[in-house]
Amino acid sequence: MYDVALLPGDGIGPEVMAQAEKVLKAVSKIYNVEFNIIKMPAGGASIDECGVPLTEEVLESCRKSDAVLFGAVGGPKWDHLPMEVRPERAILKLRKELDLFANLRPAFLIPALSAKSPLKGEILEKGVDILVVRELTGGLYFGEPKGIEVRDGERVARDTLLYTEEQIRRVARIGFKLARSRRKRLCLVDKANVLASSRLWREVVSEVAEEFPDLELSYMYVDNCAMQLIANPGAFDVILTENTFGDILSDEAAAVIGSLGLMPSASLGEKGPCLYEPVHGSAPDIAGKNLANPVAMILSAAMMLDISFGLKEISEKVKEAVARALEAGYATPDVALPDSKIISCEEMGDVIISFIEK
Ligand code: IPM
Ligand code: MN
């Protein structure tokens with residue numbers, strides 16, 4: 001029996017989460033594993049219900065669970081709120097409190113969807129199979145001091161890009177271990193020609209690399225990486241990078257594979273529950289219309305099955321079902337091609353389940 005904390009959140013969060021929940025129920029029946037699902041509010045939903053983006057009770061339940069599945073948070077309704085009480089605090093607080101410092105964001109091009117990529121066929125020929133390993137609890141997101149103040153009659157603002165060597169070391173080790181199970185290449189992306197923090201990243205990562213002599217380590221400036229992701233995405237295996245760069249580059253990688261709706265993520269710590277969430281946001285423009293793509297959410301659940309529960313075979317089965325559904329031409333509007341069978345979010349969930357059952 002696995003305790004899964006389910007935080008659907010806002011916008012399309014609840015719609016895509018409902019599909020992931022359906023998949024877990026189907027898997028539970030077929031493979032005889034039990035999930036104890038505990039559904040709780042987060043983000044705007046929690047602000048409306050409890051006055052804060054994440055209550056202490058919800059945080060405690062997440063801490064006690066075996067894994068957390070997170071949908072998406074935020075929306076125009078809460079945009080006017082000050083930073084400290086915005087819906088986004090929910091996910092930032094979970095990451096920090098559960099010490100989820102390593103965020104894995106795989107971008108894999110499904111050949112049948114390559115026409116959805118904005119890139120030319122010739123650039124995609126080699127395939128795209130990138131794993132962005134984003135540091136998740138440091139850098140500009142959490143560095144102090146931070147804030148806006150008035151100095152000499154004008155407003156000034158600052159954020160602090162701070163990393164300790166241990167913060168770098170622990171995520172680097174995860175990056176290298178993952179590279180070892182893949183194509184054995186890790187590229188550290190930074191801005192070492194300008195930033196002191198990046199210079200420390202280079203020092204520490206090159207030290208950690210000595211523990212992994214079988215792997216190839218390279219370095220790339222983030223501006224160049226943004227370009228190379230478009231010019232030659234097939235050249236990347238594992239990209240290791242700090243929090244903000246990882247946020248930006250993972251959205252870019254999602255666009256390369258055709259849709260933000262396809263990219264899952266896993267956030268890992270040293271111990272305690274891991275958290276799984278799609279890379280996309282709450283997409284308020286299409287929320288409640290049954291149009292959202294549930295694939296990223298379902299693939300996030302698949303990552304949970306593998307990483308948190310060791311159910312690798314079942315996880316593979318779910319991933320395979322997703323690939324087969326997409327290859328068979330089933331598509332939500334975001335990934336639709338001229339000859340696709342366009343279906344709703346719910347139907348996509350059903351189709352994927354039917355491929356799991358096959
Ligand atoms: C992401 C999101 C979050 C981030 C937001 C919602 C705080 O963009 O997971 O990529 O910036 O990390
Ligand atoms: Mn982001």
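First listed ligand is number 1; within each ligand, the first listed atom is number 1. Note that these values count all heavy atoms, side chains included, but never hydrogens, waters or copies made by symmetry.
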Part of R95 with heavy atoms under 4.0 Å of ligand 1, whether side chain, backbone, both or neither: side chain
Atom 4 (C) of ligand 1: nearest protein contact (heavy atom, Å): Y141 OH, 3.4 Å
Ligand 1 to R105 polar contact by distance, N or O atoms, under 3.5 Å: yes
For the Mn ion (ligand 2): the N/O/S atom of D247 at shortest distance: OD1
K77/D10 salt bridge by N-O under 4.0 Å criterion: no
Distance under 6.0 Å and angle within 45° of ring axis: R134 vs F245: no
Inter-residue atom distance T332.OG1 - L291.CG, 0.5 Å rounding: 8.5 Å
Contact partition for R134 relative to ligand 1, non-hydrogen atoms under 4.0 Å: side chain
Salt bridge R202-D190, side-chain N to carboxylate O under 4.0 Å: yes
Main-chain N/O of G138 paired with E135 side-chain donor or acceptor, under 3.5 Å: yes
Nearest-contact summary for atom 2 (C) of ligand 1 - protein heavy atom, Å: D247 OD1, 4.1 Å
Aromatic plane relationship, Y2 with F309 - under 30° parallel, 30 to 60° tilted, over 60° perpendicular: parallel
Nearest-contact summary for atom 5 (C) of ligand 1 - protein heavy atom, Å: E88 CG, 4.5 Å
